[in-house]
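Below is one structure, written out as structure tokens, with a few remarks after it.
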Amino acid sequence: MAELHIIGQIVGASGFPQNSLFCKWGIHTGGAWRLLSGLKEGQTQVDLPSTGDMAYWSHPIDIHYTTKGLQGWPKLHLQVWHQDSFGRCELYGYGYCHVPSSPGHHHVSCVTWRPLGSWQEQIAQTFVGGGPQLRSPDLIYSGADRYRLHTVAMGTVELELGIIMRHFDRYGVES
Amino acid sequence: MTANSPSVFLLMINGQIEGANFPEYDDLYCKYCFVYGHDWAPTSGLEEGISQITSKGRDSPHRLVWNFPLEITFKSTNPLGWPQIVVSVYGPDTFGNDVVRGYGATHIPITPGQHTRTIPMFVPESTSRLQKFTSWLLGRRPEFTDPKVVAQGEGREVTRVSSQGFVTLSFNIVTKDTKRLGYDTTATETTHTHPVAAGFGPGNQTLSM
């Protein structure tokens with residue numbers, strides 16, 4: 001059985017309207033993959049940068065998977081939230097990226113989007129905050145029912161991921 | 001020959017904490033320590049250290065330089081728990097007390113070679129403005145009881161921090177026996193494991209086993 005190690009961090013995010021941000025992340029895989037150890041989901045700290053625009057989390061990711069097949073390569077999905085000074089949380093973006101499939105060190109920039117409501121909801125959102133959210137997070141990384149959504153672009157999340165693969169060449173896999 | 005079937009691989013780190021970029025603070029020193037999983041053990045070198053106190057130069061007003069050496073070798077049976085370096089930076093406040101100016105952590109690079117990393121540094125935020133004022137007055141800022149918390153993923157969701165500076169590190173990494181144990185840390189197009197492809201590939205590929 002082949003093994004995959006994902007060793008890296010969610011560095012931070014930029015390009016959002018406010019910069020007091022945190023991120024909920026998770027990794028989704030297909031049925032052939034089994035998690036051996038490590039956390040496959042989590043939530044970062046809340047960062048209020050005092051200099052600059054980018055919020056930094058430096059959230060470590062250290063996961064060990066074993067797999068019987070190439071289908072369902074791991075996907076990292078993210079939800080970026082904003083926490084204001086009163087402690088209220090507001091959704092700022094959804095995004096996902098595939099975990100890189102070649103060994104080595106990779107810098108990944110994950111783009112994010114937010115669902116856009118009707119024009120009444122948009123006006124309310126500028127005054128009160130809040131806004132539509134996805135009912136189930138599966139839609140972040142699947143393409144199934146996306147045609148129903150109308151979304152708006154938000155900022156970018158930066159990740160540094162190191163990938164170590166083991167025994168993939170025994171099965172003839174080139175990566 | 002026992003060298004044919006190794007059970008551990010080694011990771012040798014030669015590097016330095018080059019310096020920092022803190023726009024608002026001066027006269028800083030740093031401490032580092034390594035955080036690693038259960039399968040890892042240091043075989044030689046120092047796991048922790050404290051640097052000298054450095055000030056900003058006149059000609060490059062934003063740069064603080066430590067040039068602080070890091071030399072350590074780890075052995076392990078499993079890449080899980082790959083070592084991370086945790087750097088904490090301290091400096092004096094207006095009253096002369098030693099307060100924390102930032103915590104940061106990063107994984108040691110996984111591929112052999114020369115690498116430079118610039119890591120952001122953040123401090124925990126006070127929960128209320130009153131606490132912020134009293135901590136400024138008394139010189140007792142919020143800090144982590146154990147800096148190694150910064151290298152972990154659990155329990156972070158309840159912390160509020162403020163990022164305020166960067167530290168630059170450079171590493172030279174050497175690994176031993178990772179390939180013999182089956183771990184690929186570089187893409188296979190640079191290795192010669194398929195002699196059949198040698199005739200079709202670029203001219204500099206050699207037939208080797």
Side-chain angles (χ1 to χ4, degrees), chain A residues 2-12 19-20 22-25 36-52 54-64 81 83 85 87 100-105 160-170 172-175, chain B residues 21-24 35 37-39 78-84 86 103-111 113 115 117 119-125 127 129 149-166 178 181-191 193-194 197:
Chain A
E3 296 171 29
L4 176 75
H5 288 269
I6 307 170
I7 295 168
Q9 18 175 273
I10 306 180
V11 176
N19 52 17
S20 164
F22 67 94
C23 173
K24 294 193 200 181
W25 63 275
L36 287 182
S37 50
L39 299 166
K40 71 171 166 72
E41 57 192 10
Q43 187 175 321
T44 68
Q45 62 204 16
V46 181
D47 184 41
L48 306 88
S50 50
T51 52
M54 183 154 174
Y56 288 101
W57 300 311
S58 297
H59 190 92
I61 298 182
D62 195 342
I63 303 188
H64 188 187
W81 292 73
Q83 185 182 69
S85 48
S101 52
S102 54
H105 185 263
E160 302 260 338
L161 295 173
I163 305 294
I164 300 182
M165 298 167 72
R166 188 181 195 206
H167 298 327
F168 274 80
D169 48 351
R170 275 195 203 162
V173 174
E174 298 122 9
S175 58
Chain B
N21 178 359
F22 276 85
E24 299 161 10
V35 175
H38 295 297
D39 296 317
N78 187 355
L80 187 79
W82 196 274
Q84 298 182 56
V86 173
Y103 298 98
T106 184
H107 283 278
I108 303 298
I110 60 173
T111 51
H115 307 268
R117 296 274 186 264
I119 62 178
M121 307 296 283
F122 48 83
V123 282
E125 275 273 300
T127 35
R129 276 196 218 131
V149 159
V150 168
Q152 288 160 14
E154 303 145 356
R156 296 272 286 260
E157 58 260 23
V158 293
T159 51
R160 288 171 58 120
V161 298
S162 168
S163 51
Q164 54 183 28
F166 301 90
T178 50
L181 285 167
Y183 293 105
D184 286 321
T185 52
T186 48
T188 53
E189 59 181 347
T190 59
T191 64
T193 52
H194 295 284

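In what follows, chains are A, B, ... by sequence order, proteins preceding strands, each numbered from 1.
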Query - A:Ile164 and B:Trp82: CA distance, side-chain angles, deciding distance, side-chain contact (heavy atoms from CB on, under 4.5 Å) verdict - result: CA-CA 11 Å; A:Ile164 300 182; B:Trp82 196 274; 3.6 Å; yes
Report task. Check step by step if side-chain contact (heavy atoms from CB on, under 4.5 Å) holds for A:Arg166 and B:Asp184. Result -> CA-CA 6 Å; A:Arg166 188 181 195 206; B:Asp184 286 321; over 6 Å; no
Report task. Using the side-chain contact (heavy atoms from CB on, under 4.5 Å) rule, take A:Ser58 and B:Tyr103 through it: C-alpha gap first, then chi angles, then the decisive distance, then the call. Result -> CA-CA 10 Å; A:Ser58 297; B:Tyr103 298 98; over 6 Å; no
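Residue A:Ile6: no heavy atom, backbone or side chain, is found under 4.5 Å from chain B. At a 4.5 Å heavy-atom cutoff, the contact between B:Gln152 and chain A is made by backbone atoms alone. Of the atoms belonging to B:Thr111, it is side-chain heavy atoms, and not backbone ones, that fall under 4.5 Å from chain A. There is no contact between B:Arg129 and chain A, counting heavy-atom distances below 4.5 Å. Of the two parts of B:Pro79, the backbone and the side chain both hold a non-hydrogen atom closer than 4.5 Å to a non-hydrogen atom of chain A. Using a 4.5 Å cut-off between heavy atoms, B:Thr106 contacts chain A through both its backbone and its side chain. Interface remark: B:Glu125 contributes side-chain atoms only to the contact with chain A (heavy atom separation under 4.5 Å). Looking at B:Leu80, both its backbone and its side chain come within 4.5 Å of chain A, counting heavy atoms on both sides. Only the backbone of A:Ile63 comes within contact range of chain B, with at least one heavy atom under 4.5 Å from a heavy atom of that chain. For A:Ile163, the part lying under 4.5 angstrom from a heavy atom of chain B is the backbone only.
For B:Phe166 and A:Tyr56, the distance between ring centers is under 6.0 angstrom.
Between A:His5 and B:Asn78, some side-chain heavy-atom pair lies under the 4.5 Å cut-off. In this structure, the side chains of B:Val161 and A:Leu48 stay at 4.5 Å or more apart for every pair of heavy atoms. With contacts defined as side-chain heavy-atom distances shorter than 4.5 Å, the pair B:His107/A:Asp62 qualifies. Two residues are said to be in side-chain contact when any heavy atoms from C-beta on lie closer than 4.5 Å; B:Glu154 and A:Leu39 meet this criterion. The shortest distance between side-chain heavy atoms of A:Pro49 and B:Gln164 does not fall below 4.5 Å.
Here the closest heavy-atom approach between residue A:Thr51 and residue B:Pro23 is recorded as CG2-CG, 4.3 Å.
For chain B, the option among A:Gly38, A:Gly52, A:Ser37, A:Ser85 with the highest count of heavy-atom pairs below 4.5 Å is A:Ser37. Chosen from A:Met54, A:His64, A:His59, the residue pairing most often with chain B at heavy-atom distances under 4.5 Å is A:His59. Comparing A:Gly104, A:Gly12, A:Ala55, A:Ser50 by how many heavy-atom pairs each has under 4.5 Å with chain B, the most go to A:Ser50.
Separation of atoms CD (A:Gln45) and CZ (B:Phe122) is listed at 4.0 Å; rounding is to 0.5 Å. The distance from the NE2 atom of A:His105 to the CZ atom of B:Arg117 is 3.5 Å, given to the nearest 0.5 Å.
Within 6.0 Å of atom NZ in A:Lys40, 12 or fewer heavy atoms from other residues, nucleotides or ligands are found, so the atom counts as exposed in its surroundings.
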